[in-house]
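Counting starts at 1 for both ligands and their atoms, in listed order.
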Amino acid sequence: MIPYGRQDITQADVDAVVEVLKSDFLTQGPKVPIFEQTIAEKVGARHAVAVNSATSALHIACLALELGPGDWLWTTPITFVASANCGLYCGAQVDFVDIDPRTYNMNPAALQDKLEQAEQLGRLPKVVVPVHLCGQPCDMAAIHALSQRYGFKVVEDASHAIGGKYRDEYVGNCSYSDITIFSFHPVKIITTAEGGVAVTNDDKLAGRMELFRSHGVTRDPKLMTHPPDGPWYYQQVALGLNYRMTELQAALGISQMNRLDDYVAARHRIAERYDLLLADLPVTTPWQHPDGYSGLHLYVIRLHLDQIKKTHREVFDSLRQQGIGVNVHYIPVHTQPYYESMGFQVGNFPHAEHYYQEAISLPMFQTLTTSQQDEVVRALRQAIAA
Ligand SMILES: *Cc1c(COP(=O)(O)O)cnc(C)c1O
């Protein structure tokens with residue numbers, strides 16, 4: 001089976017992890033701060049806070065922004081459930097904004113309409129989470145302008161987009177947001193097995209995220225309510241969690257970061273070749289907005305079902321049967337039973353639902369060979385043939 005995504009682990013990665021295994025620190029040692037500094041410098045942010053997953057990064061981002069009961073978090077329906085669940089973890093309510101039919105990202109015009117209505121109802125969101133789907137940056141200038149006008153905070157879910165650029169600057173410099181989060185799950189662009197990071201330019205938000213990542217406990221006398229009792233002393237000043245990244249993960253991440261730009265360039269070569277090879281087929285290949293350079297985590301095609309004598313399901317099943325590990329990203333979150341039980345229903349976000357009926361993610365990872373890619377295309381031709 002050719003998977004839709006997979007990690008690339010080199011001997012240098014293995015050596016870096018083994019070195020940590022033989023060292024004094026498996027956790028809370030020197031590697032995590034080095035990894036954080038590597039990320040922050042690369043993307044152009046002041047601070048990076050590494051954690052054990054992007055889901056944890058979203059959670060501490062929302063906690064740092066003081067999202068809580070009575071507040072609203074808005075995101076896109078076409079994302080992994082974690083982009084929405086972080087609001088529920090904080091006791092807030094969640095709502096969605098429909099997608100742009102060309103980029104599949106949160107549509108700023110739909111966001112503006114919804115904000116106008118929400119203002120009248122006194123239900124404006126506290127946090128909005130745009131997701132850079134497939135690695136393509138959202139229209140951040142428009143979303144940022146709306147955040148200024150309506151007073152909400154912006155957390156970019158850039159789980160798909162590390163190494164991507166928006167208006168010639170790396171995603172993560174937070175020019176248009178308060179916090180940006182990245183994921184290092186093995187299917188993503190670089191990996192730490194499990195892992196994530198939150199980056200920000202705001203000193204206070206960074207400090208709060210550091211607290212929430214590790215029990216709400218501090219050893220910094222400046223954060224304590226009275227002078228330390230002694231050198232052993234620490235204080236719990238917030239209710240935090242244990243979301244720490246290990247030294248093993250950080251060492252792997254530091255090593256992987258050396259190849260980030262090469263990885264994204266390889267993904268672009270693969271995408272360009274797919275674009276050519278699929279040009280005569282009844283499918284829509286990914287459209288790229290000129291403001292962005294995608295991280296290209298995913299390569300999603302949409303089937304022109306009116307020109308194909310097969311259903312979406314039949315094409316998908318045929319690809320899987322032919323050994324192509326295709327997937328669908330994503331099931332609209334509002335149609336998940338957990339969200340339906342909160343009152344959402346099919347019909348709420350028509351562009352997202354239409355996209356879901358046609359989308360298939362083809363294999364896309366840095367080590368995909370041209371012969372594997374030819375096999376994917378051959379299988380797709382076969383799958384959609386009458
Ligand atoms: C993968 C992913 C997450 C969650 O990442 P983890 O590191 O697995 O917790 C969140 N949002 C999006 C859009 C993702 O693709």
Side-chain angles (χ1 to χ4, degrees), residues 3-7 32 35 39 48-63 73-90 94 96-97 99 103-106 127-138 140 143 154-164 171-172 177 179-199 209 212-213 241-246 249-250 252-253 256 267 286 292 294-300 327-334 336 339 352 355-356 359 361 364-365:
Y4 83 84
R6 72 159 286 149
Q7 71 278 10
V32 167
F35 182 47
I39 298 272
V49 180
V51 285
N52 57 1
S53 72
T55 304
S56 302
L58 284 162
H59 188 190
I60 61 169
C62 290
L63 289 172
L73 176 146
W74 292 1
T75 187
T76 164
I78 299 299
T79 185
F80 186 55
V81 291
S83 318
N85 288 346
C86 56
L88 302 182
Y89 297 156
C90 296
V94 168
F96 302 92
V97 179
I99 61 168
T103 61
Y104 319 141
N105 282 331
M106 177 183 286
V127 174
V128 172
V129 182
V131 178
H132 305 312
L133 193 78
C134 306
Q136 164 147 257
C138 294
M140 290 311 300
I143 293 169
V154 178
V155 177
E156 295 173 66
D157 182 342
S159 291
H160 300 183
I162 195 162
V171 171
S177 64
I179 297 170
T180 300
I181 70 99
F182 297 109
S183 172
F184 308 125
H185 183 280
V187 296
K188 308 287 164 77
I189 295 166
I190 64 158
T191 191
T192 61
E194 295 282 357
V197 71
V199 296
M209 290 195 289
F212 286 119
R213 145 178 84 177
L241 303 121
N242 180 355
Y243 280 170
R244 292 188 303 257
M245 174 178 272
T246 69
Q249 292 168 304
L252 179 54
Q256 291 255 315
R267 287 170 179 272
S294 178
L296 270 169
H297 163 51
L298 297 173
Y299 188 91
V300 172
N327 220 317
V328 174
H329 298 92
Y330 287 95
I331 305 158
V333 178
H334 68 284
Q336 294 287 355
Y339 282 85
Y355 161 89
Y356 173 57
S361 303
M364 166 55 86
F365 49 92

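- Residues passing the salt bridge (charged side-chain N to carboxylate O under 4.0 Å, His left out) test with R267, sequence neighbours excluded: none.
- F35 has its ring centre less than 6.0 Å from the ring centre of F184.
- Between F96 and H334, the angle of the ring planes lies from 30° to 60°, which puts this pair in the tilted group.
- In this view, H297 and H160 satisfy the ring-ring contact (aromatic ring centres under 6.0 Å, His included) rule, not counting sequence neighbours.
- Remark: T191 pairs with no residue by the side chain to side chain donor-acceptor pair (under 3.5 Å) rule, at least two apart or across chains.
- Residues Y4 and F365 approach most closely at O-CD2, 4.0 Å, considering heavy atoms.
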Tabulation required: pairs of a nitrogen or oxygen in ligand 1 and a protein nitrogen or oxygen under 3.5 Å; columns are atom names and distance to 0.1 Å; otherwise 'none'.
{"residue": "ligand 1", "atom": "5 (O)", "partner": "S183", "partner atom": "OG", "Å": "3.3"}
{"residue": "ligand 1", "atom": "7 (O)", "partner": "A54", "partner atom": "N", "Å": "2.9"}
{"residue": "ligand 1", "atom": "7 (O)", "partner": "S183", "partner atom": "OG", "Å": "2.8"}
{"residue": "ligand 1", "atom": "9 (O)", "partner": "A54", "partner atom": "N", "Å": "3.3"}
{"residue": "ligand 1", "atom": "9 (O)", "partner": "T55", "partner atom": "N", "Å": "2.9"}
{"residue": "ligand 1", "atom": "9 (O)", "partner": "T55", "partner atom": "OG1", "Å": "2.5"}
{"residue": "ligand 1", "atom": "11 (N)", "partner": "D157", "partner atom": "OD2", "Å": "2.8"}
{"residue": "ligand 1", "atom": "11 (N)", "partner": "S159", "partner atom": "OG", "Å": "3.4"}
{"residue": "ligand 1", "atom": "15 (O)", "partner": "H160", "partner atom": "NE2", "Å": "2.7"}
{"residue": "ligand 1", "atom": "15 (O)", "partner": "K188", "partner atom": "NZ", "Å": "3.0"}
{"residue": "ligand 1", "atom": "15 (O)", "partner": "Y330", "partner atom": "OH", "Å": "3.0"}

